[in-house]
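Every chain is numbered from 1, with letters handed out A, B, ... down the list of sequences.
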2 protein chains.
Amino acid sequence: MCGGGQNKHQCGCQGPRMERFIRPCMLLLLYEKPAHGYELMESLKEFGFEDGADPGLVYRNLRKMEKEGWVESEWETGGAGPAKRLYRVTEEGIELIHEWSQHIRGNIEKLSYFLERYHNSIG
Amino acid sequence: MCGGGQNKHQCGCQGPRMERFIRPCMLLLLYEKPAHGYELMESLKEFGFEDGADPGLVYRNLRKMEKEGWVESEWETGGAGPAKRLYRVTEEGIELIHEWSQHIRGNIEKLSYFLERYHNSIG
DNA sequence: GCATATATATGACAACAACATATATAATAA
DNA sequence: TTATTATATATGTTGTTGTCATATATATGC
């Protein structure tokens, strides 16, 4: 999210990065429409990955989530360009989206508490 | 925040953890009142670090932030118990709190976008 | 023929949370 | 008196992860 690299920001604060936020985003995108990695890199911009997500991050997460059984893939040959691996979310992955949403809700509350407290003491 | 360890949750989702959220929280606490590490471990509970933050995490972050010039410390001997290192936030650290708050605001927006989209497609 | 866009993949490195453990001091309970 | 607990700081080790660089291959446009 921030902290140098492709999602730079000006201050030296380096955080918080919310590293694994990319995973629920990817699952939700795949729920909406099966897609391949290159496509996800683009559409992740909508979730705040400003310059498009890092390819290594996307592909490795897809591999890992497939290993975990959250997504499944099939090769798509015969289209334009090189062969693409089409991913779709599994039932298990869909359950995970629901659980993740709960945690994201909790994280919003925690971040909001920080902001509230910040305003009361400094802001 | 979640993802195993001291801040466990039941689902296997492992994220997002928002790792470095501890740093702005520590700075804000030190702005409100100079404190030592052991004290911070306790008061971090108020920010959602449920079982109290990990000692290693707290002390290493204090060291690192002192190295960066965001906090400064002095030994406090002569009280009850072992000597404690009293930390206070520097001017530079205070500026950082402001910048961090902006990013936290941004992160809330991103997480909220996820939730909104989640509700529109599944929830 | 050559550059570019598309598409997937991996190697290397640094940052960080997580967990375990070591240390010392004072107060309290047995 | 001894053992235990609370206080307080610190470090070593491991696994995960983001980041960056790079390798590979295919199709399209110039």
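Counted by atom type alone, Arg63(B) and Tyr59(B) present zero donor-acceptor pairs between their side chains at under 3.5 Å. Thr90(A) and Glu72(A) are not linked by any side-chain donor-acceptor pair at a separation below 3.5 angstrom, with hydrogens and angles left out of the test.
Paired with Glu74(A) under the rule side chain to side chain donor-acceptor pair (under 3.5 Å), one option of Arg85(A), Arg88(A), Lys84(A) passes, and it is Arg88(A).
Rounded to a whole Å, the CG atom of Asn61(A) is 15 Å from the P atom of dT8(C). Atom pair Phe21(A):CZ and dT17(D):P shows a separation of 16 Å (rounding to whole Å applied). When the P atom of dA10(D) is taken as reference, atom NE2 of His36(B) falls 12 Å away, rounded to whole Å. Following rounding to the nearest Å, Arg85(A) (CZ) and dT26(D) (P) show an atom-to-atom distance of 16 Å. A straight line from CZ of Phe49(B) to P of dA18(C) spans 9 Å, rounded to a whole angstrom. Between Asp54(A) atom CG and dT10(C) atom P the separation is 15 Å, expressed in whole Å. The OH-P distance, from Tyr59(B) to dA22(C), rounds to 18 Å in whole Å. Rounded to a whole Å, the NZ atom of Lys84(B) is 12 Å from the C1' atom of dA6(D).
Between dG11(C), dA9(C), dA18(C), one nucleotide has an atom nearer to the side chain of Arg60(A) than all others, and that is dG11(C). Taking only side-chain atoms of Tyr38(B), from C-beta outward, the nucleotide of dA8(D), dA18(C), dA10(D) with the closest atom is dA8(D).
Within the 4.0 Å cut-off from OP1 or OP2 of dT16(D), not a single side-chain nitrogen or oxygen of Arg20(A) is found. Arg23(A) has a side-chain polar atom (N or O) that falls below the 4.0 Å cut-off from OP1 or OP2 of dT17(D). A sub-4.0 Å separation between OP1 or OP2 of dT16(D) and a side-chain N or O of Lys64(A) is absent.
Looking at every heavy atom in both residues, Val71(A) comes nearest to Leu27(A) through CG1-CD2, 3.6 Å.
For Tyr118(B), the ring-ring contact (aromatic ring centres under 6.0 Å, His included) partners are His98(A), not counting sequence neighbours.
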Which atom pairs link the protein and nucleotides 25-27 of chain C when you take only N or O atoms and keep those under 3.5 Å?
none

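Nucleic acid contact for Arg63(A): sugar-phosphate only, since backbone atoms but no base atoms lie under 4.0 Å from a heavy atom of the residue.
Relative ring orientation between Phe114(A) and Phe47(B) is described as tilted, the plane-to-plane angle lying within the 30° to 60° band.
Glu109(A) has its side chain out of reach of Tyr113(A): every pair of non-hydrogen atoms, C-beta onward, lies at least 4.5 Å apart.
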